[in-house]
2 protein chains.
Amino acid sequence: MDAEIASELGRCASCVIRREGLCGALKQDELLQFRRIANRRKFEPGENILQSDDDPDFFAAVISGVVKLTKVLFDGRQQVVDLLLPVDCLGQVFGRRSSYYAQAATQVELCCFPYSGFEQMLEEFPDLKHRFLEQTLDDLDSARDWMVLLGRKTAEERVASLLLMLATRTAITGTAHNGSSRPVALDLHLKRHEIADFLGLTYETVCRQFTALKNKGLIQQPSRRRFSVPDTEALAKAAG
Amino acid sequence: MDAEIASELGRCASCVIRREGLCGALKQDELLQFRRIANRRKFEPGENILQSDDDPDFFAAVISGVVKLTKVLFDGRQQVVDLLLPVDCLGQVFGRRSSYYAQAATQVELCCFPYSGFEQMLEEFPDLKHRFLEQTLDDLDSARDWMVLLGRKTAEERVASLLLMLATRTAITGTAHNGSSRPVALDLHLKRHEIADFLGLTYETVCRQFTALKNKGLIQQPSRRRFSVPDTEALAKAAG
DNA sequence: CGAGACATTGAGTAGGTTCAAAGACCGTGG
DNA sequence: CCACGGTCTTTGAACCTACTCAATGTCTCG
């Protein structure tokens, strides 16, 4: 019986969302129900996941890859309002209807839930709802941190902040986070232009700040999209 | 019996929070319980409500007045990350601990709940939790709208956006919101300096943009802190 | 290898900041 | 009631950071 459940759980058993995300809030039999309304979808870099005016027909969690959440002004000016990494969620709930665009920045795998089904599960499983609330509160906190960046930081501080944020969120290398700073390497999948839209700058300025940080020895850049941070603390200081 | 309850409900019966805020999610007997842990507090303009590093010992809802929620950089640069008007909430839940400062911008009356008691009520009354989730989602949406403003809008658009936001949120005059634009008057309680910290500008720039908008006829300014918007649509266009 | 997309660097410009001075408002006290 | 002081606001002039426009360089993929 247990084996049967385990096999039916299948890919859920080894999924990040189960380990660290929303699904972590579910008991095995709840997960089984939840799984029934879920289906995975893959997206190629640059592909649109949600358009502003779509009837947003699904809610989703990121399994792998990076999703840009952007807002657009009437004349085309863009602002990336969030970068979604694995475990993060995307989609509007409870009839909210602000206009976001979601776009795959890398190859992306999502676990998608039809809209109504997801809301129903939220009602049925209080722990799921609680987890969702916690994630939303975290999102709010980081949105506000970003407001400080956009409103008050210099170009160099912004770029440093982004690198720092990515370094702490996607620590690829053996980062034991022993308090002190240890070199961290990271792949930056975003184009300069996308970075600029996230930081409220132009891509030329982003470039210049990268070279500035390189010259100061705060980062190294083995290849165009690969960075390493020799001293996290120093970078944090440069980030404000 | 009903009369007894009603009298015990006292000021809750006529409170905004009950009508339009969190408490609207409660049944009468639940409200009675909730009320027991609540107490009202008043603050004078400029008074600190929460400091970053306080043990934040209460959660609160705004009954009247305006509260600034700000974040501060190491060297004193400030960013207002939210303006709390009546019905809005303030305070960290579930052990979150980002550093905000909350300051009364006007005379403020809050309904305060001790921290742990509030969390307990959230668990006990699912509708309350649901309402709280909805408010948090709304906060997230508006934080992201503000990110667009801070990252991509010009000084004039920012000022116009603020006025528009306040005009729609605190429609004082007989605004029947009949779709078309009707003149709206509003009291702007914030100092130029505070506005600047909300818009990511300096107060001098805010001043200049006010006069620019005045010259374009988009706003009138009978007194220093009183504004009126003759044509909301036009202002919206100027706000992007 | 060549074409296209992306990144880097340079030079000139502009929107917003900084520094500075003058003007308006408000409460207090003579 | 008016004068006074402090705070807040407005306006001006110089400056600077980041933007714009433009050219060159580099990666990638057919």
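Reckoned from all heavy atoms, side chains included, excluding hydrogens, waters and symmetry mates. Proteins get letters first, then strands, A, B, ... in listed order; numbering begins at 1 in each.
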List every contact pair, protein side and nucleotides 3-6 of chain C side both N or O, where the distance is under 3.5 Å.
| unit_1 | atom_1 | unit_2 | atom_2 | d |
| --- | --- | --- | --- | --- |
| C/dC6 | OP1 | A/K191 | NZ | 3.1 |

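- Atom OG of B/S142 sits about 7.5 Å away from atom CZ of B/R169, to the nearest 0.5 Å.
- Each of A/K42, A/H189, A/E44 was scored for a side chain to side chain donor-acceptor pair (under 3.5 Å) with A/Q107, with one residue passing: A/E44.
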Identify every side-chain donor-acceptor pair in residues 190-198 of chain A under 3.5 Å, counting partners at least two apart or on other chains, and give the distances.
| unit_1 | atom_1 | unit_2 | atom_2 | d |
| --- | --- | --- | --- | --- |
| A/R192 | NH2 | A/R224 | O | 3.1 |
| A/E194 | OE1 | A/K191 | N | 2.9 |
| A/E194 | OE2 | A/K68 | NZ | 3.0 |
| A/D197 | OD1 | B/R152 | NH2 | 2.8 |

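- Defined by atom type and a distance below 3.5 Å, a donor-acceptor pair is missing between the side-chain atoms of A/S99 and A/K71.
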Could you go step by step and tell me if A/Q135 and A/L22 meet the side chain to side chain contact (heavy atoms under 4.5 Å, CB included) rule? CA-CA 8 Å; A/Q135 284 198 194; A/L22 273 186; 4.2 Å; yes
Any chance you could list the contact pattern along nucleotides 14-22 of chain D? Use B for base contacts, S for sugar-phosphate-only contacts and - for none, protein heavy atoms under 4.0 Å, 5' to 3'. ----SSBB-
Side chain to side chain contact (heavy atoms under 4.5 Å, CB included) for A/Y101 and A/Q78? Distances and angles first, verdict last. CA-CA 10 Å; A/Y101 292 81; A/Q78 279 198 319; 6.0 Å; no
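- The nearest whole Å value for the distance from the NE2 atom in B/H193 to the C1' atom in D/dT7 is 13 Å.
- A/Q221 comes within contact range of the sugar-phosphate backbone alone, with a heavy-atom separation under 4.0 Å but no base atom that close.
- Within the helix from C/dC1-D/dG30 to C/dG30-D/dC1, the inter-axis angle between the opening and closing five-pair segments is 30°, rounded to 10°.
- Closest heavy-atom contact between B/A143 and A/A143: CB-CB, 4.1 Å.
- Between B/I195 atom CD1 and C/dG16 atom P there is a gap of 16 Å when expressed in whole angstrom units.
- Between A/G65 and A/T106, the shortest heavy-atom distance links the atoms CA-OG1, 3.2 Å.
- The number of heavy atoms from other shown groups lying within 6.0 Å of OH (B/Y115) is above 12.
- One interatomic measurement links the two molecules: CG of B/D197 to P of C/dT17, which rounds to 11 Å at whole-angstrom precision.
- As a whole-Å value, the separation of A/K214 NZ from C/dA7 C1' is 10 Å.
- For A/F113, the ring pair (Phe, Tyr, Trp, His ring centres under 6.0 Å) criterion is met by A/F34, A/F118, not counting sequence neighbours.
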Kindly list each side-chain donor-acceptor pair under 3.5 angstrom involving residues 209-219 of chain A, sequence neighbours excluded, with atom names and distances?
| unit_1 | atom_1 | unit_2 | atom_2 | d |
| --- | --- | --- | --- | --- |
| A/T211 | OG1 | A/R208 | O | 2.7 |
| A/K214 | NZ | A/Q221 | OE1 | 2.9 |
| A/N215 | ND2 | A/T211 | O | 3.3 |
| A/K216 | NZ | A/E156 | OE1 | 3.1 |
| A/K216 | NZ | A/E156 | OE2 | 2.8 |

